[in-house]
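Here's the structure we're looking at; comments come further down.
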Amino acid sequence: MELDLAGRRALVTGSSGGIGAAIADKLAAEGCGVLVHGRSKEAAQGVAERIRAAGVDADVVLGDLTTDGVVEQVTGAALDFGVRILINNAGPFAEHDWETSDPDDWHRAFDGNVVSAVRVTQALLPSMREQGWGRVVNIGSRAVTTPLPNMVEYSAVKASVVNMTTSLAQHLAGSGVTANCVSPGVILTSSFERMFRTRVGDGVDDWSRLEAEATADYAPNPAGRLGRAEDIAHAVTFLASPLAGYINGVNLRVDGGITRTP
């Protein structure tokens with residue numbers, strides 16, 4: 001399917017690895033230039049070089065979005081790059097329950113997942129509205145509707161991300177700019193695989209069997225497998241395209257069906 005993304009420009013925050021890098025790669029595969037953002041210069045440049053090797057324009061901007069002055073630096077680079085598609089993917093997480101979390105944990109989670117995304121969005125919206133076209137796609141979590149007992153502050157702030165996405169879509173009515181959210185389920189990343197291999201012990205090399213066990217333990221779902229970063233990238237790329245112009249204010253769960261609420 002031709003998504004009409006060729007020649008457009010996107011900023012993907014937190015795209016030096018993992019889901020963000022997969023989103024950047026998929027956008028580039030559709031001909032969309034990508035401003036790669038991350039905290040590791042080497043990792044971010046690696047993603048940008050891969051995109052350029054495919055014949056698509058790419059640049060890099062670095063920095064922790066919760067640090068003073070970084071949002072201004074990142075959004076300035078985005079405006080210079082001509083960004084009209086914003087993917088708010090960056091968002092820290094930590095494992096805490098109600099006994100182990102403290103107010104500072106909640107502040108960090110809210111600042112990293114909500115406030116930083118709001119600030120980047122507010123800085124880029126005027127240029128999108130001026131052009132009469134733009135896309136904002138926020139990354140949520142399955143924890144939005146099924147809070148995780150070991151990630152209490154993360155679950156709560158991701159619910160805020162969905163709420164702000166809906167209000168933003170209403171605010172942008174008639175502007176040609178849409179706002180949507182994609183909420184991943186349990187995604188197989190290198191860190192998840194390492195964690196699970198550590199828990200089951202050494203000596204088991206057959207990942208297909210381990211994945212079945214990991215799915216049963218962590219993410220029992222009708223799809224019968226863990227998600228891949230590419231699963232999220234496909235959904236985000238479609239929502240970022242002109243073809244998704246009538247989809248607005250939604251929270252699209254890409255979780256294999258693990259979430260059983262409507």
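All values below come from the heavy atoms of this structure, side chains included, with hydrogens, waters and symmetry mates left out.
Annotation for Asp255 and Gly185: closest pair CB-CA, 3.5 Å, computed over non-hydrogen atoms. Here the closest heavy-atom approach between residue Ile258 and residue Pro220 is recorded as CG1-O, 3.5 Å. Residue Cys181 comes nearest to Gly140 through the heavy atom pair SG-N, 3.6 Å, listed as atom of the first residue, atom of the second, then distance. Contact record, Pro222 with Gly256: CD-O, 3.1 Å, taken as the closest heavy-atom pair. The two atoms that bring Ala240 and Val137 nearest to each other are N-CG2, 4.3 Å, heavy atoms only. Nearest heavy-atom pair, Ala229 versus Gly18, reported as atom, atom and distance to 0.1 Å: CB-O, 4.2 Å.
With rounding to the nearest 0.5 Å, the separation of OG1 in Thr165 from CD in Gln170 is 12.0 Å. Rounded to the nearest 0.5 Å, atoms CG (Leu5) and SG (Cys32) are 5.5 Å apart. Atom CD of residue Gln131 and atom OG of residue Ser175 lie 12.5 Å apart, to the nearest 0.5 angstrom. In this structure, CG on Asp104 lies 11.5 Å from CG on Asp111, to the nearest 0.5 angstrom. To the nearest 0.5 Å, atom CG of residue Leu243 and atom CG of residue Leu239 are 11.0 Å apart. With rounding to the nearest 0.5 angstrom, the OG1 atom of Thr178 is 4.0 Å from the CZ atom of Arg135.
Cluster partners of Val114, using a side-chain heavy-atom cutoff of under 4.5 Å among ILVMFWY residues and allowing indirect links, are Phe110, Val115, Val118, Val157, Val161, Met164. Its side chain within the 4.5 Å cluster rule, Val152 clusters with Trp98, Trp106 among the Ile, Leu, Val, Met, Phe, Trp and Tyr residues. Annotation for Leu168: hydrophobic cluster partners, listed by chain and number, are Leu11, Leu35, Val61, Leu65, Val70, Val71, Val74, Leu79, Phe81, Val83, Leu86, Val120, Leu124, Leu125, Met128, Val136, Leu172, Val177 (ILVMFWY side-chain heavy atoms under 4.5 Å, direct or chained).
Of the possible polar contacts, one joining the Asn180 side chain to the Gly249 backbone as a donor-acceptor pair under 3.5 Å is found. Of the possible polar contacts, one joining the Thr166 side chain to the Val162 backbone as a donor-acceptor pair under 3.5 Å is found. One N or O on the side chain of Lys158 and one on the backbone of Ile139 form a donor-acceptor pair closer than 3.5 Å. Remark: the backbone N or O of Ala58 is paired with a side-chain donor or acceptor of Arg52 at under 3.5 angstrom. The backbone N or O of Ala233 sits less than 3.5 Å from a side-chain atom of Thr237, completing a donor-acceptor pair. At least one donor-acceptor pair under 3.5 Å links the side chain of Asn89 to the backbone N or O of Thr13. Here the side chain of Ser183 pairs a donor or acceptor atom with the backbone of Ser141 at under 3.5 angstrom. Between the side chain of Arg228 and the main chain of Leu226, a donor-acceptor pair closer than 3.5 Å is present. Not a single donor-acceptor pair under 3.5 Å links the side chain of His37 to the backbone N or O of Leu62. Checking side-chain atoms of Asp105 against main-chain N and O of Asp102 turns up a donor-acceptor pair under 3.5 Å.
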Using the side chain to side chain contact (heavy atoms under 4.5 Å, CB included) rule, take Arg253 and Thr145 through it: C-alpha gap first, then chi angles, then the decisive distance, then the call. CA-CA 10 Å; Arg253 298 195 302 263; Thr145 49; 4.2 Å; yes

Does the pair Arg9 and Ile85 meet the rule for a side chain to side chain contact (heavy atoms under 4.5 Å, CB included), with working shown? CA-CA 6 Å; Arg9 301 292 185 100; Ile85 298 169; over 6 Å; no

Salt bridge (Lys or Arg N to Asp or Glu O under 4.0 Å) between Glu72 and Arg119, worked out: CA-CA 9 Å; Glu72 292 77 12; Arg119 294 180 64 202; 2.7 Å; yes

When you look at Ile87 and Val236, which way does the side chain to side chain contact (heavy atoms under 4.5 Å, CB included) test go after all the steps? CA-CA 8 Å; Ile87 314 299; Val236 169; 3.7 Å; yes

Before giving the answer on side chain to side chain contact (heavy atoms under 4.5 Å, CB included), spell out for Phe238 and Val182 the whole-Å C-alpha distance, their side-chain angles and the decisive distance to 0.1 Å. CA-CA 11 Å; Phe238 176 71; Val182 172; over 6 Å; no

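The closest side-chain heavy-atom distance from Arg8 to Trp133 is below 4.5 Å. Counting heavy atoms from C-beta on, the side chains of His234 and Lys26 come closer than 4.5 Å. No side-chain heavy atom of Arg108 sits under 4.5 Å from any side-chain heavy atom of Pro92. Using a 4.5 Å heavy-atom threshold, the side chains of Val60 and Lys41 count as separate.
Cluster membership check: Leu252 shares its hydrophobic cluster with Val12, using side-chain heavy-atom separations under 4.5 Å among Ile, Leu, Val, Met, Phe, Trp and Tyr. Cluster annotation: Val144 and Val186 are assigned to distinct hydrophobic clusters (Ile/Leu/Val/Met/Phe/Trp/Tyr, side-chain heavy-atom contacts under 4.5 Å, transitive). Cluster annotation: Ile232 is not connected to Phe93 through the hydrophobic network of ILVMFWY side chains, with a link wherever side-chain heavy atoms come within less than 4.5 Å.
A side-chain donor-acceptor contact under 3.5 Å links Asn138 and Asn88. A donor-acceptor contact closer than 3.5 angstrom links the side chains of Thr100 and Asp97.
Looking at Arg225 and Asp231, a side-chain N of the basic residue comes within less than 4.0 Å of a carboxylate O on the acidic one, giving a salt bridge.
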